[in-house]
Amino acid sequence: MKLNIDTKGIKEACKAVSSANTEINTIIKSRSFLSAVGVLLTGRAKQNMEDGATDGKSYDLKPKTKAYKLKKGYSAKPLQRTGLLRSSLNHSLNNGLKLCGLDILKHHQYGAPKANIPKREVYTIEKDDYTDIGDMITRRLKNTIR
């Protein structure tokens, strides 16, 4: 038995996939897309600080620290003494997307054991963020196909 396969349809599908891939690469490098992702992730970071947790994991404070903060009239949540760190969260588009904040943020984001600062990730990408970013790409791709 001999089976003849028409490769014309396969070649056209490959061209369409290649074209879509090129378009997706153009979208994800665009300033408007990067800015939208920056706004999303900065909003997530501010929410993480407000919640005192990321992805369901609480930023725990030692009881002594919590008591001290309450005694001084500060919020019992970590990273919220003056609000300056939270208000510094932002993004920039110099050579790609960069998430920004006060310099001290890096010590909290990654932890600084020598300074006795535990890791408290402020900037995170959670499952629903991936969904939102995928939706952004899909909407932009649909707009370019029209």
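Throughout, residue positions are numbered sequentially from 1 according to the sequence presented.
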Applying side chain to side chain contact (heavy atoms under 4.5 Å, CB included) to K119 and not counting sequence neighbours gives E121

Counting C-beta onward and ignoring hydrogens, is there a side-chain heavy-atom pair between [X] and [Y] closer than 4.5 Å?
| X | Y | value |
| --- | --- | --- |
| L40 | R44 | no |
| R31 | L34 | no |
| V39 | H91 | yes |
| L99 | T42 | yes |
| H108 | P78 | no |

### Enclosure of N25 CG (heavy-atom neighbours >12, cutoff 6.0 Å)
yes

Item to complete: Can you establish whether the number of heavy atoms outside K69 located under 6.0 Å from its atom NZ is more than 12?
Response: yes

With rounding to the nearest 0.5 Å, note down the distance linking [atom1] in [X] to [atom2] in [Y].
| X | Y | atom1 | atom2 | value |
| --- | --- | --- | --- | --- |
| T124 | Q109 | OG1 | CD | 8.0 Å |
| F33 | I24 | CZ | CD1 | 10.0 Å |
| K46 | L85 | NZ | CG | 10.5 Å |
| D132 | I125 | CG | CD1 | 11.5 Å |
| R120 | H107 | CZ | NE2 | 14.0 Å |
| T65 | D60 | OG1 | CG | 11.5 Å |

Sorted by chain and number, sequence neighbours left out, salt bridge (Lys or Arg N to Asp or Glu O under 4.0 Å) with E50 holds for K77

Quick one: do [X] and [Y] end up in the same hydrophobic cluster if we chain Ile, Leu, Val, Met, Phe, Trp and Tyr together by side-chain heavy atoms under 4.5 Å apart?
| X | Y | result |
| --- | --- | --- |
| L89 | L102 | yes |
| I117 | L105 | no |
| Y110 | Y123 | no |
| Y68 | L61 | no |
| M136 | L141 | yes |

**Item:** Any donor-acceptor N/O pair, N90 side chain to C100 backbone, under 3.5 Å
**Value:** no

For S32 and R140, the nearest pair of non-hydrogen atoms, with its separation, is O-NH2, 3.5 Å

